[in-house]
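The structure appears right after this line, and notes come after that.
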Amino acid sequence: MGRYDELMSLSLRRGFLLPSAEIYGGLAGFYDYGPYGARLRRNWEDLWLAFFLQLGDNYHLVDTPTIQPHVALEASGHVDLFADVLVPCTQCKETHKADELIQAATGTSGEGMDVEQVRQAIREEGIVCPNCGGRLGEPTAFHLMFPVAIGPKGDEQAFLRPETAQGAYLGFKRAFEILRKRLPLGLAIVGRAYRNEISPRQGAYRLREFHQAELQIFFDPEGFDALLSLEELENTTLRLMWATHRDEVAMPTLGTLLEQGDLPPFYLYHMAKVQAFYLDTLQVPPEAFRFYELSEEERAFYNRIHFDVQVALESWGGFQEVGGVHYRTDYDLSRHQDRSGVKMTVFHDGRRFVPHVLELSFGVDRNVWAMLDLGYETGEKAVLHLPPRLAPVTLGVFPLVKKDGLPDMAEGLYREARTWIEASYDASGSIGRRYARMDEIGTPYCITVDYDSLEQDDVTLRDRDTTKQARVAVKNLRGTLQGLLEGTTDFDAL
RNA sequence: GCGGCCGUGGUCUAGCGGUCAGGACAGAGGCCCCCCAAGCCUCUAACCCGGGUUCAAAUCCCGGCGGCCGCACCA
């Protein structure tokens, strides 16, 4: 079985990621999160929020609708950029983008043409398939955004949002007021976004409904660098692949990059923070992580600097994008200012200007999948090595045997644990089998009540990754677990 | 979207015109009472959907849905 199938099988058996509407044959590009998957994703989002909101003392979580008005997405550029008229060839079956066909045939741009205009242009210019010279078929409109009709007559046009970012831009002015006009201002949104992908595939990699975790940092381009403590990061090694050197991952220190001056200090600072999130918090092995610079042709025109965050997975056959660090300048706020007529300028440090935006953007579903792939060990025993705080269940509670009052004590501990942590009680099958069940969903710790427990009021605490055990007094259990989860307690010291 | 391959209990699969549709693992109950998937007994549970061919379809044909791969797409 390939790695992808292995993970999909785990996912189905244990309930991480499941085909949506499966009883009706499924719906391509849509997945359910099962009982453990939903918890895993939530835990990932919580870790993300805790980490990234800490980057500034004026960074906040907001939430905005998933339906956005046509006019806003027109201003952002999505209506134009996300719409294509496609023309199939009747002979070779190749599908062509109409604007490219028309550009090639007439030398003038075919962008923005509707289906009727394209049909007319093909007829008048006698355009044939550039591939095989065959006759072109019926042009069809294809939109990467899902249109939504609002109101009883459905005459108010809107779209499902193609990214969460726009919500932060639309709400910037109010948030800036509410938060007492301070820069930098960070607005984080964790939520769903939608793209009508032509061919969704590969499980969580390309979904039509997906989750993003994005932090939009609004800042003064002239004063941001000075606010960041770069000194302590100077020796940090960044793992990155330049657009000009796609053959190897470079590992310069941040100090070196500062001296070279190609990337602004604020940008480097945030790269270091993003990398720390992956290597330290998510425990991604360094060699499986890199920043990947997009060349000028590859990146969107409004991104002045664009590095993708990539993680290498066996199920993806190598590095794939899980996030991005985008310096979007004042493009977004300026566009909305122009279109809405509402001033987006701020008065700050004696100057009036439109704030610039640094966007830290992450695809949650891809990241959750990455955690499964990086953590899942198969073979003699199946163990999901998730960082403890990410695990859907934190504690397994078992009685060693199902008699002599052991289940009573274990159930009591389980109920107590549930008040502050995700716990699971299991008395069925052998003790080894119960450990194995917990191992496969990534539960980091299990406690077992044995005969000594009844006498001494303690339990054995077992570590998932080492299978080592330690005896812990019941009264110390909560403190010990908290220490382990926070990383302040070392299991071997117990 | 085009082309190729594929769709059998929860998972992995055997069966490829007539089978009580078999197995392994998982799950439930029981015996056992055990600190790393032990063993034994019992049980639960499947042919993706719709049409067609045929005396007879999981098996052949058509369509749909879904999955993987390649191409295209990926602000």
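Quick note on labels: first sequence line is chain A, next is B, and so on, each numbered from 1.
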For atom [atom1], what is the distance between [N] and [M], given to the nearest Å?
N	M	atom1	value
U53(B)	C12(B)	C1'	33 Å
G50(B)	A57(B)	P	14 Å
A28(B)	A45(B)	C1'	11 Å
C41(B)	C25(B)	P	12 Å
C20(B)	G52(B)	P	26 Å
G4(B)	C61(B)	P	14 Å
C16(B)	U59(B)	P	13 Å
C47(B)	A21(B)	P	12 Å

In this structure, how many angstroms lie between the [atom2] atom of [N] and the [atom1] atom of [X], rounded?
X	N	atom1	atom2	result
Leu17(A)	G67(B)	CG	C1'	14 Å
His143(A)	C73(B)	NE2	P	18 Å
Tyr36(A)	A26(B)	OH	P	16 Å
Glu197(A)	A72(B)	CD	C1'	13 Å

Between [X] and [Y]: side-chain donor-acceptor atoms closer than 3.5 Å:
X	Y	result
Asp330(A)	Tyr302(A)	no
Thr448(A)	Tyr435(A)	yes
Ser315(A)	Trp369(A)	yes
Tyr292(A)	Glu321(A)	no
His336(A)	Gln166(A)	yes
Glu214(A)	Ser361(A)	yes

Which base, if any, makes a Watson-Crick or G-U wobble pair with [N], both distances under 3.5 Å?
N	result
G18(B)	C55(B)
C25(B)	G10(B)
G70(B)	C2(B)
C31(B)	G39(B)
G50(B)	C62(B)

Tell me which pairs pass salt bridge (charged side-chain N to carboxylate O under 4.0 Å, His left out) where either residue lies in residues 288-307 of chain A, with sequence neighbours left out.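 Only Arg246(A)-Glu298(A) qualify under salt bridge (charged side-chain N to carboxylate O under 4.0 Å, His left out).
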Using the salt bridge (charged side-chain N to carboxylate O under 4.0 Å, His left out) rule, collect all pairs that involve residues 438-451 of chain A, keeping only residues at least two apart or in two chains.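 For residues 438-451 of chain A, and leaving out neighbouring residues, the salt bridge (charged side-chain N to carboxylate O under 4.0 Å, His left out) pairs sorted by first residue read Arg13(A)-Glu440(A), Arg14(A)-Glu440(A), Asp439(A)-Arg462(A), Asp450(A)-Arg471(A).
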I want to check a possible cation-pi pair here: Arg41(A) against Tyr33(A), using under 6.0 Å from ring centre and within 45° of the ring axis as the test.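 Yes, a cation-pi geometry holds between Arg41(A) and Tyr33(A).
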Using the six-membered ring of Phe30(A), assess whether NZ or CZ of Arg208(A) lies under 6.0 Å from its centre and within 45 degrees of the ring axis.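 No; the conditions do not both hold, so Arg208(A) does not lie above the ring face of Phe30(A).
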Could you work out, with ring pair (Phe, Tyr, Trp, His ring centres under 6.0 Å) as the rule, every residue matching Phe218(A), not counting sequence neighbours?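 Residues passing ring pair (Phe, Tyr, Trp, His ring centres under 6.0 Å) with Phe218(A): Phe172(A).
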Distances under 3.5 Å between nitrogen or oxygen atoms of protein and nucleotides 9-13 of chain B:
unit_1 : atom_1 : unit_2  : atom_2 : d
U11(B) : O3'    : Ser9(A) : OG     : 3.4
U11(B) : O2'    : Ser9(A) : OG     : 2.9

Reckon Gly15(A) touches a base, only the sugar-phosphate, or nothing at all at heavy-atom distances under 4.0 Å?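 Since no nucleic acid heavy atom lies under 4.0 Å of Gly15(A), the category is nothing.
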Give Phe398(A) one of three labels, base, sugar-phosphate or nothing, depending on what nucleic acid heavy atoms sit under 4.0 Å from its own.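 Since no nucleic acid heavy atom lies under 4.0 Å of Phe398(A), the category is nothing.
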Tell me whether Lys475(A) is salt-bridged to Glu416(A), with the criterion being a basic N under 4.0 Å from an acidic carboxylate O.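 Judged by the 4.0 Å cut-off on N to carboxylate O distance, Lys475(A) and Glu416(A) do not form a salt bridge.
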Protein-nucleotides 61-65 of chain B N/O pairs under 3.5 Å:
unit_1 : atom_1 : unit_2   : atom_2 : d
C65(B) : O2'    : Gly25(A) : O      : 3.2

What does the B/S/- profile of nucleotides 28-39 of chain B look like, 5' to 3', with a 4.0 Å heavy-atom cutoff to protein? S----BSBBBS-
Verify the ring-centre separation between Tyr205(A) and Trp316(A): is it less than 6.0 angstrom?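 That pair passes the under 6.0 Å test.
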Between Pro200(A) and Arg206(A), who's closer to the 5' end of RNA chain B by nearest nucleotide?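 Residue closer to the 5' terminus by nearest nucleotide: Pro200(A).
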Once hydrogens and angles are ignored, does a donor-acceptor distance under 3.5 Å link the base of G70(B) to the side chain of Arg201(A)?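 Pair found.
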